[in-house]
Amino acid sequence: MAYAQLFQGILVFPDAQAFETALAVIAAGEEVEDAAYERETFRESMLSGTVLQLQMDTFQPATHYFETVGRLQVLAEHAVRGHLICVYYGGDDLQIEMVYAEVQPIPAEDQPDPGLPIAESYFPMFAGARYDYEVRAEADRSPLWWPVQASGTSAHGTFYSFSPGGDEEFSYNDHLGGDDYLTRGNRWYAAAFAWDQTTLEQLPDANFQLIADPEQAEGTVWAMYIPGNDYFNLYRHRGFGDVEIDDRFYANCFKLQYNHRFLKYGKDDYRDYDTRLTNFSDRESLLYFAKGVGLVRVESAKQTIVLQEFYRDASTAPPPPEPQPVVEPLPAAPPEEAPAPLSPASREAPEANPPTPPDAAKKPWWKFW
């Protein structure tokens, strides 16, 4: 177990050239033989031209550990968002180093709104609208709805939020893990910041983050990272496809893979060396967006969410659907058999406690177990 080391996290670069420049700086300062292999690991960890997701598990001397941390610091100096966690296991010695990128704005993301018609947008924003969905998990069905409201205006435009509604016992989180979104044409942005540090009106450019653009190449990855938090979100362009929901059909929907990843950084999270990689946990969903409508389908490992109704003006729409209890069917009756002849005693005294048919078993609508 001595000399075991773990390096994991995310870095976002302003462009592909910034990453290549960082590698060149690292190569110029190499002093160990295996640094070339390490640089190749960095390159293989690039999810796209700008997003690095590192998960490197190695065994090497302690001196090499500090050299690796130094090279990761070079990467961070050329990045604009993100952080890396470096863990060293040396017998009973456990050390953790944090490497942070200096958060900076990315000017290329701040483009003017092209004024795309709503019917052509995959991410239309309608204040006062309501999306009614149905959550499907095996045989269970339950309602869920998202009212849309304008949450604030910044120098970038008006942001909108989606607050999930439904029974308090079943609270599926906001479908993208954030709170405030803004559309410019077919480019979708998230406001990533801590509420106790700023407001939408004072939103720094660095936290005005592009998370989806259907016009870019399939496979493109975007990231949303909030400094100081132990998680980050990844969004991957998965192409286009048709969606059929019951009797409704949505053609050529934009597919967006969403990964919500937790990155723990406390010493207690890494003391068990055999389970160290489980700290880099993940929640994944595949989202489908239809032009002029927005989100129509969400697929995850345990459930699917599908759009049932969309109301442009929720004030004139019927009330949201009420949760209904799930009723399990009665067990099948056993096959009938010919009754046995009664004895003289049984003819004289009826059974004291005759059996009663079982009632329909009921459970709350939100319980899937």
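These values consider heavy atoms only, across backbone and side chains, with no hydrogens, waters or symmetry-generated copies. All values derive from a computational prediction rather than experimental measurement. We number each residue from 1, following the sequence as shown.
A salt bridge links Glu20 with Arg43: at least one charged nitrogen is closer than 4.0 Å to a carboxylate oxygen. Look at Arg238 and Glu218 and you find no salt bridge, because none of the NZ, NE, NH1 or NH2 atoms lies under 4.0 Å from a carboxylate O.
Here OG of Ser45 is found 10.0 Å from CG of Leu11. Values are rounded to the nearest 0.5 Å. Glu97 CD to Gln73 CD: the interatomic distance, rounded to the nearest 0.5 Å, is 8.0 Å. Interatomic distance, Ile211 CD1 to Leu256 CG, rounded to the nearest 0.5 Å: 7.5 Å. Atom CG of Leu52 is separated from atom CG of Leu75 by 6.5 Å, given to the nearest 0.5 angstrom. A distance of 8.5 Å separates CE of Met46 from CG of Leu23, quoted to the nearest 0.5 Å. Here Ile85 contributes atom CD1 and Ile96 contributes atom CD1; the two are 7.0 Å apart, rounded to the nearest 0.5 Å.
With sequence neighbours excluded, no residue forms a side-chain hydrogen bond (donor to acceptor under 3.5 Å, both in side chains) with Ser154. For the side-chain hydrogen bond (donor to acceptor under 3.5 Å, both in side chains) test, residues two or more places apart in sequence or in another chain that qualify with Asp93 are Gln95. Every residue two or more places apart in sequence or in another chain was checked for a ring-ring contact (aromatic ring centres under 6.0 Å, His included) with Tyr288, and none qualifies. With sequence neighbours excluded, the residues forming a salt bridge (Lys or Arg N to Asp or Glu O under 4.0 Å) with Arg136 are Glu134, Asp246, listed by chain and number. Residues forming a side-chain hydrogen bond (donor to acceptor under 3.5 Å, both in side chains) with Ser315 (at least two apart in sequence, or on another chain): Asp313. With sequence neighbours excluded, the residues forming a side-chain contact (heavy atoms from CB on, under 4.5 Å) with Leu94 are Val87, Tyr89, Lys267, Arg271, listed by chain and number.
Residues Arg184 and Tyr189 meet the side-chain proximity criterion, which asks for heavy atoms closer than 4.5 Å. Looking at Arg236 and Leu47, their side chains come closer than 4.5 Å, going by heavy atoms from C-beta outward. The shortest distance between side-chain heavy atoms of Leu182 and Asp180 does not fall below 4.5 Å. At least one side-chain heavy atom of His78 sits less than 4.5 Å from a side-chain heavy atom of Val25. Looking only at side-chain heavy atoms (C-beta outward), Val298 and Thr304 stay at 4.5 Å or farther from each other. Counting heavy atoms from C-beta outward, Val51 and Leu234 have side chains that approach closer than 4.5 Å. With a 4.5 Å cut-off on side-chain heavy atoms, Asn233 and Asn259 do not count as touching. Phe123 has its side chain within reach of Pro214: a pair of non-hydrogen atoms, C-beta onward, lies under 4.5 Å apart.
Closest heavy-atom contact between Gly294 and Tyr131: CA-OH, 4.4 Å. The two residues Ala223 and Ile10 have their closest heavy-atom pair at CB-CD1, 3.7 Å. Here the closest non-hydrogen pair linking Asp132 and Arg130 is OD1-NE, 2.7 Å. Minimum heavy-atom separation, Pro124 to Gly292: CG-C, 3.7 Å. The nearest pair of heavy atoms linking Gln257 to Glu284 is NE2-OE1, 3.4 Å.
Hydrophobic cluster membership differs between Ile118 and Tyr311, with clusters built from Ile, Leu, Val, Met, Phe, Trp and Tyr side chains linked at under 4.5 angstrom. Follow the hydrophobic side-chain contacts under 4.5 Å out from Leu295 and you reach Leu210 in the same cluster. Hydrophobic clustering of Ile, Leu, Val, Met, Phe, Trp and Tyr side chains at less than 4.5 Å, counting indirect connections, unites Val296 with Phe254.
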Can Thr158 and Met125 be said to form a side chain to side chain contact (heavy atoms under 4.5 Å, CB included), step by step? CA-CA 10 Å; Thr158 300; Met125 298 294 186; over 6 Å; no

Under the side chain to side chain contact (heavy atoms under 4.5 Å, CB included) rule, what do Gln149 and Ser161 come out as? Steps first, then yes or no, please. CA-CA 6 Å; Gln149 60 184 5; Ser161 62; 3.3 Å; yes

Apply side chain to side chain contact (heavy atoms under 4.5 Å, CB included) to the pair Leu72 and Leu54, showing each step before the final yes or no. CA-CA 10 Å; Leu72 294 178; Leu54 182 65; 3.8 Å; yes

Pair Met56, Gln8 - check side chain to side chain contact (heavy atoms under 4.5 Å, CB included), show working. CA-CA 6 Å; Met56 185 168 66; Gln8 60 185 18; over 6 Å; no

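Panel note: side chain Ser151, backbone Phe159; a donor-acceptor pair is recorded below 3.5 Å. A donor-acceptor distance shorter than 3.5 angstrom exists from the side chain of Asn186 to the backbone of Tyr122, with no hydrogens or angles considered. Counting only distance, with no hydrogens or angles, the side chain of Arg71 and the backbone of Phe66 share no donor-acceptor pair below 3.5 Å. A donor-acceptor pair under 3.5 Å links the side-chain atoms of Ser48 to the main chain of Val221, judged by distance alone. For the pair Thr220 (side chain) and Gln216 (backbone), a donor-acceptor distance under 3.5 Å is absent. Using a distance-only test at 3.5 Å, with no hydrogens or angles considered, a donor-acceptor pair links the side chain of Thr41 to the main chain of Tyr37. Remark: side-chain polar atoms of Gln5 are paired, donor with acceptor, to backbone N or O of Gln60 under 3.5 angstrom. The backbone N or O of Thr183 lies less than 3.5 Å from no partner atom in the side chain of Tyr160, so there is not a single donor-acceptor pair.
Annotation: Trp188 is in aromatic contact with Phe289 [ring centroid separation under 6.0 Å]. Ring to ring, His260 and Phe262 are close: their centroids are under 6.0 angstrom apart. Aromatic pair Tyr133/Trp145: centroids not less than 6.0 angstrom apart.
Between the side chains of Glu38 and Thr68, at least one donor N or O sits under 3.5 Å from an acceptor N or O.
Between Tyr65 and Tyr88, the angle of the ring planes lies from 30° to 60°, which puts this pair in the tilted group. Ring-plane geometry between Tyr225 and His83 is classed as tilted, the angle between the planes lying from 30 to 60 degrees on a 0 to 90 degree scale. Ring geometry for Phe240 against His237 counts as perpendicular: the plane angle is over 60°, on a 0 to 90° scale with 30° as the lower cut. A tilted orientation is assigned to the rings of Phe310 and Phe126, their planes being inclined by 30° to 60°. Taking the six-membered ring for Trp and thresholds of 30 and 60 degrees, Phe13 and Phe19 have ring planes more than 60 degrees apart, a perpendicular arrangement.
The number of heavy-atom neighbours closer than 6.0 Å to CD of Glu40, taken from other residues, nucleotides and ligands shown, is above 12.
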